[in-house]
2 protein chains.
Amino acid sequence: VIEPMLNHLPDEEFERLSRHGGALAESVRDLVEAVIRSSVGNDELDDVRAEVERLTARLRVDEVRGSVGIQSSRSGQLRAWGNPVIGVRNPLAPPLTVHHDDGGVWAETVLGSRYEGPPGHVHGGISSLLLDHVLGEASNAAGRPGMTATLSLSYRKAVPLGPVRIEAKALPGEGIKTVVQGRLVSLLDEPAVCVEAEGLFILPRWARERMASD
Amino acid sequence: VIEPMLNHLPDEEFERLSRHGGALAESVRDLVEAVIRSSVGNDELDDVRAEVERLTARLRVDEVRGSVGIQSSRSGQLRAWGNPVIGVRNPLAPPLTVHHDDGGVWAETVLGSRYEGPPGHVHGGISSLLLDHVLGEASNAAGRPGMTATLSLSYRKAVPLGPVRIEAKALPGEGIKTVVQGRLVSLLDEPAVCVEAEGLFILPRWARERMASD
């Protein structure tokens with residue numbers, strides 16, 4: 001059974017971890033790119049590694065145990081802090097900010113070296129990661145949240161590293177199954193649709209039961 | 001046009017960056033998990049951030065510019081160091097080691113908090129990222145390399161965080177188009193097929209021309 005861990009952090013704690021923890025994650029995104037690119041000497045690589053291990057130990061002095069997928073504040077805010085697409089505290093996430101717009105959703109970001117597959121281009125699986133998430137948000141935005149049941153991707157053009165837009169919209173419908181269509185557009189030159197996606201999202205039983213009992 | 005950057009590093013340089021750079025990336029994977037989980041105070045979060053920025057600056061004293069997707073040694077080895085699935089120098093990558101086996105390929109890894117979507121479970125888009133890559137490797141393994149043209153995923157069960165196996169095999173065929181089937185299996189309890197995938201891989205024109213001229 002999948003359920004959010006609602007730990008109801010005090011609002012002040014929630015805000016300060018978003019702000020200071022988010023800033024730390026942002027700095028680690030730069031570190032990740034530097035680790036991929038660096039050609040400094042062995043002694044320097046080893047010394048930086050030892051420093052990284054010390055920083056990790058300092059952070060672990062006080063840490064959440066178990067799931068960190070979704071955390072909540074006492075006043076009811078939810079944040080998917082650790083999410084690998086939108087999580088502001090996850091250095092793997094770009095992170096995307098998903099905006100709602102006229103029944104659909106969109107997000108823009110800049111994809112750098114840490115997302116590179118074919119030389120100079122975004123890994124095809126990274127496109128699918130971002131689209132999976134944004135299509136799910138479109139299902140939410142239509143008032144019909146669900147988990148991915150199927151996802152079909154068509155890769156029209158390789159996506160160059162750089163600025164991209166991801167957008168998605170649910171098709172009209174009702175019930176527990178929602179079909180969503182979306183696409184990933186490169187914004188490096190003239191906007192170019194590079195990947196198209198269609199997904200089927202289904203509201204899981206535990207969520208239906210929870211909604212029925214609320 | 002997508003072409004590997006073949007920078008033909010001296011073999012000694014190639015080996016030492018794999019080893020020392022790879023160890024550094026591994027330490028940053030632990031740091032990433034600690035950043036997501038830490039609840040230390042604001043001053044400590046800010047101080048760790050400042051230290052991270054100093055480490056990033058030290059690594060940037062000497063760095064590769066441009067694409068780092070695929071690098072080569074003088075003796076002809078290739079490594080996708082920066083790849084977000086298999087790149088030993090990319091802290092985003094688990095990284096997978098893909099093994100060849102009886103015409104197909106497989107890989108096993110343990111997926112932790114940095115890949116979490118639904119609480120306690122792997123983000124659906126992370127499953128698609130890993131499958132996209134492993135299916136592509138199966139196309140390679142069949143002697144018919146290509147880039148992803150289409151990818152269809154069926155999510156049968158949510159994937160719990162923990163050990164997983166990803167496996168794929170190309171269907172019999174010939175020519176520039178290759179159909180590959182694969183799946184992601186949770187190994188947390190009894191092996192359970194959680195996600196099934198089918199992809200079409202097509203050898204791009206530039207690669208066909210290069211192979212014809214070799």
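Each chain gets a letter, A, B and so on, in the order its sequence line appears, and its residues count up from 1. Not measured: the values here are computed from a predicted model.
Each of B/E63, B/R19, B/H20 has some count of heavy-atom pairs under 4.5 Å with chain A, and the biggest count is that of B/H20. Per-residue heavy-atom pair counts under 4.5 Å with chain A were compared for B/S128, B/G21, B/S39, and the maximum is reached by B/S39. In terms of heavy-atom pairs under 4.5 angstrom with chain B, the leader among A/P91, A/S113, A/A25, A/G136 is A/P91. Ranking A/D47, A/L45, A/L24 against chain B, the residue ahead of the rest is A/L24, based on heavy-atom pairs under 4.5 Å. Your options are A/V28, A/L135, A/L92, A/L17, and the one with the most heavy-atom pairs under 4.5 Å with chain B is A/L92. Contact count against chain A (heavy-atom pairs under 4.5 Å) is highest for B/R37 among B/R37, B/R89, B/E26, B/R49. When each of B/R58, B/E53, B/E51 is checked for heavy-atom pairs under 4.5 Å with chain A, B/R58 comes out on top. Counting heavy-atom pairs closer than 4.5 Å to chain A, the top residue among B/V88, B/T56, B/L131 is B/T56. In terms of heavy-atom pairs under 4.5 Å with chain A, the best-connected choice from B/G199, B/P160, B/A23 is B/A23. Here A/N42 is the residue among A/N42, A/L31, A/V32 with the most heavy-atom pairs under 4.5 Å with chain B.
Heavy atoms closer than 4.5 Å to chain A are found in both the backbone and the side chain of B/I126. Using a 4.5 Å cut-off between heavy atoms, B/D46 touches chain A through its side chain atoms alone. Only the side chain of B/H123 comes within less than 4.5 Å of a heavy atom in chain A; its backbone stays farther off.
The closest side-chain heavy-atom distance from B/L55 to A/L55 is below 4.5 Å.
When all heavy atoms of A/A158 and B/M147 are compared, the pair lying nearest together is CB-CE, 4.3 Å. Closest approach of B/L59 to A/V40, counting heavy atoms only: O-CG1, 3.6 Å.
Contact residues of residues 150-157 of chain A toward chain B are A/T150, A/L151, A/S152, A/L153, A/S154, A/Y155 (heavy-atom distance under 4.5 Å).
Distance alone, capped at 3.5 Å, is enough to place a donor-acceptor pair between the B/N90 side chain and the A/R114 backbone.
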Hey, can you pull the donor-acceptor pairs under 3.5 Å for the side chains in residues 175-184 of chain A, sequence neighbours left out?
{"residue": "A/Q181", "atom": "NE2", "partner": "A/E198", "partner atom": "OE1", "Å": "2.7"}
{"residue": "A/R183", "atom": "NE", "partner": "A/E167", "partner atom": "OE2", "Å": "2.6"}
{"residue": "A/R183", "atom": "NH2", "partner": "A/E167", "partner atom": "OE2", "Å": "3.0"}

